[in-house]
Amino acid sequence: FPAVRLCSGAGQDVGRSCVLVSIAGKNVMLDCGMHMGYNDDRRFPDFSYITQNGRLTDFLDCVIISHFHLDHCGALPYFSEMVGYDGPIYMTHPTKAICPILLEDYRKITVDKKGETNFFTSQMIKDCMKKVVAVHLHQTVQVDEELEIKAYYAGHVLGAAMFQIKVGCESVVYTGDYNMTPDRHLGAAWIEKCRPDLLITESTYATTIRDSKRCRERDFLKKVHETVERGGKVLIPVFALGRAQELCILLETFWERMNLKAPIYFSTGLTEKANHYYKLFITWTNQKIRKTFVQRNMFEFKHIKAFDRAFADNPGPMVVFATPGMLHAGQSLQIFRKWAGNEKNMVIMPGYCVQGTVGHKILSGQRKLEMEGRQILEVKMQVEYMSFSAHADAKGIMQLIRQAEPRNVLLVHGEAKKMEFLKQKIEQEFHVSCFMPANGETTTILTNPCIPVDISLGLLKRETAIGPLPDAKKPKLMHGTLLMKDNSFRLVSPEQALKELGLAEHQLRFTCRVHIQDPRKEHETVLRVYNHLKGILKDYSVQHLPDGSITVESILIQATAHSEDQGTKVLLVSWTYQDEELGSYLTSLLKKGLPQSTP
Amino acid sequence: VCVAGYEQSDGNEILQLIPPPTLLTKETQGLCPERDFKVECGGFSERPVYSLKYVPDTSLLVTSGPPDSSLQVWQVSAEDSDVIKSVSTLATENGTGQSWAKIATISARAPWVLHGSRLDRVQITEVESRKNVYTAASRGSEEISSLAFLDCNTLLLCCTTGRLCLADIRQPQSLVEAMRVPSASCSERWCMSTRHGGQGLEPSSQPVARLSSRGLLTLTDLRKTSEVLALAKARVLSPGSGAEFLCVSWAPALEGYLAISGFDGTVHVYDTQSWDSSGKEAEPVFIHKGHAFGGAGGSGDLPQVTVHTWHLQKPRTLLSAASDGSLHVWDWVQPCGKC
């Protein structure tokens, strides 16, 4: 049965994802995230939870990474190169392409900007990625003879997947981060009715009731529009991949509809990279993009142009998308410095900012920033935060459970106190057990393993001939004999089993003696008994045979005189094992005696 | 904000939601990362929840709904759990043909709930001890549509016929008929709203608004019940499926403004300061139509607004819920002049 362990270490907030699953003797690590809020060892999961002694490579059968966000893959190079793991690492193709970029970017901030020492190097990232095996959606991958995995579309970000891990007939599905509502550039998560023994789902946003997308978008557009209308400039720092595409499509549509003239720019490096990946992984985007991409490059916008550094000094309103997303370096920071002093301008921060970055500082309310060379930058421009993060909320979680039909559900990354209601809701609606382990805790899920058994055609035909067609969802009770030979199980009819074993069927016959007081002759007693039984057992076949015996169905009754007492007759009631019920009934009936008035 | 389901089958949820920071304060903050509602705690109710009221100064809430007029008392979460637990049931004697009880709460001398489905079954029960502390004298058996505490001693009851009755709980046998409705037709159903006045204001000096299922609105001063302060007609169609969602409420922070809903998928806001007693049609200041356009709309049934309420601090902000499960928080912009 699957035993699940969370080795995320301290902290309950949205930190790092790292779940260890033991299933039928196999050990799989799901995700290997980094906690973005900590600067010390707490940012990495505590891998000593996994195994106290022994090498991780021997203990773990594989590592699976769900998507490229750092809180799911950020600790991977540390884990594989610094702690030591040489086994296979599985992830989807887009994830494999994009992960190293983000890891390197993050490494640069941490080491170069902040001067950290205990961190992985660029070479480590490269070595780590060499251990990665990329998988396609819905492709069954054999990790070894017994362990297989399969990826399902998760929405959320490009390349994000939910993974099914299967050993024999036990399976676990891990969702990673997913989104059940499609957006403009990605579809919604989907999984088949695979009925896993356990579904592990993120529940960080389970208590959120999402504001409608329309309101959210309208708010964003309103802010941008207002700023541009008053002649201000809007800076939107973004990652190369992710929400940027979503926002571009949104703005393009809005500009078209409102016939706006202010220019929108996109950092060149950004466009090329994004276009490259989206083209490469077109099957990972949503239906609409796939359809239109053939006709035109979806990321060739009419109103969005490539940016040139010099444009930042142009007068008049404009909107610029620039990397990196947290304003910690590069172009977005340069532009920010130019525009920060004017209160007509606005910077809209989408997403999460790591501590120490300018993005984080201004979001916390700081308005005087110390730049290089002790220069103080006064921030007069408007700072807005807008979250378009695509996570499943409670409704989404229920939807996924409905799709997959797991037997048990495990919620990770919620605060236990705040999950009680959702747990009850899941248990009540789906009649499954729901678990919410704390970090570091081990949860054991008991499963009822199914043992596949071959059934003989004859037996199947016979059983289905009886009664109406069975409901495919309900278990059907059958009678047969289970033959276990070598490592195979077969279900056959009893007759066939006997034949195969070369055994004859035993017949069991019971005989019971019932004493009846009757001084008359035997044949008269028999007649009395016959009439009595015929009167009572109207639905049965009661016959009086020429040889003086009575049959009730296949039960035989004979009468003899008692050896010592002529006044007593002894009735011998005899039946086979199959007629046990009727035989017992007859016996007790006869024991009550014969009615007096019977002729 | 508390929302609850009212389906006939069991498994209705009661959810206590925390609004996003943008809605919690009077002023609109500049920087708000969160814009979503959060479920703070939730519970399950076996019966449909038709009415829900918090008991002030306690962590309890009271609900009522079919099939009878009993009340359910709930404990809103303790520190260590987010589940709303059922604490007790306040049973009432069930006459024949009783519908569900309407409720109002107050915590003056003790946490009390005023409840009743009919005029002859109105009582006040102490929530924690479940003791009955007051029973209103019987003055007929009409169905009650709303009831309210005007202050800790005075009750106001409104029947579906439009009849208003006042009672002083210090005088158990007194039930004063306050007001009948002029020319009410038999099939018309009424409900009311009282305004919670500012500090120091006599509660009975605040006008009572009554709304009928035909869209008639009357304003009455309880000190002078012989005449109507104002009478107007809202531009609405009579609700097709009965008047169970009829709702009228005074704005807590805007003098003379009230809102009505329950006719269709809209909420109307009126400024009553310009009204007279002629009964002519009044022009709404604003109509919120969001519910009619929201959601999937595939089933063909237009959503109906089930209830609305005003934001306690933000003057022009309202919350409304509809039969399709949507919850809207909205405001309107005054077209010219005033702030």
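Excluded from the calculations below are hydrogen atoms, water molecules and symmetry mates; all remaining heavy atoms, backbone and side chain alike, are included.
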For His291(B) and His328(B), take the angle between the two ring planes, folded into 0 to 90°, and tell me which bin it lands in: parallel under 30, tilted 30 to 60, perpendicular over 60. parallel
Is it the side chain or the backbone of Lys423(A) that comes within 4.5 Å of chain B heavy atoms, both, or neither? neither
Check: Tyr178(A) ring centre within less than 6.0 Å of His391(A) ring centre: no
Is Leu17(B) in contact with chain A via its backbone, its side chain, both, or neither, using a 4.5 Å heavy-atom distance? side chain
Ring centres of Tyr54(B) and Trp74(B) under 6.0 Å apart? no
Contacts of Glu226(A) meeting side-chain hydrogen bond (donor to acceptor under 3.5 Å, both in side chains) (sequence neighbours excluded), chain-then-number -> none
Quick one: what part of Gln428(A) sits under 4.5 Å from any heavy atom of chain B, side chain, backbone, both or neither? side chain
Where does Ile18(B) contact chain A at under 4.5 Å (heavy atoms): side chain, backbone, both or neither? neither
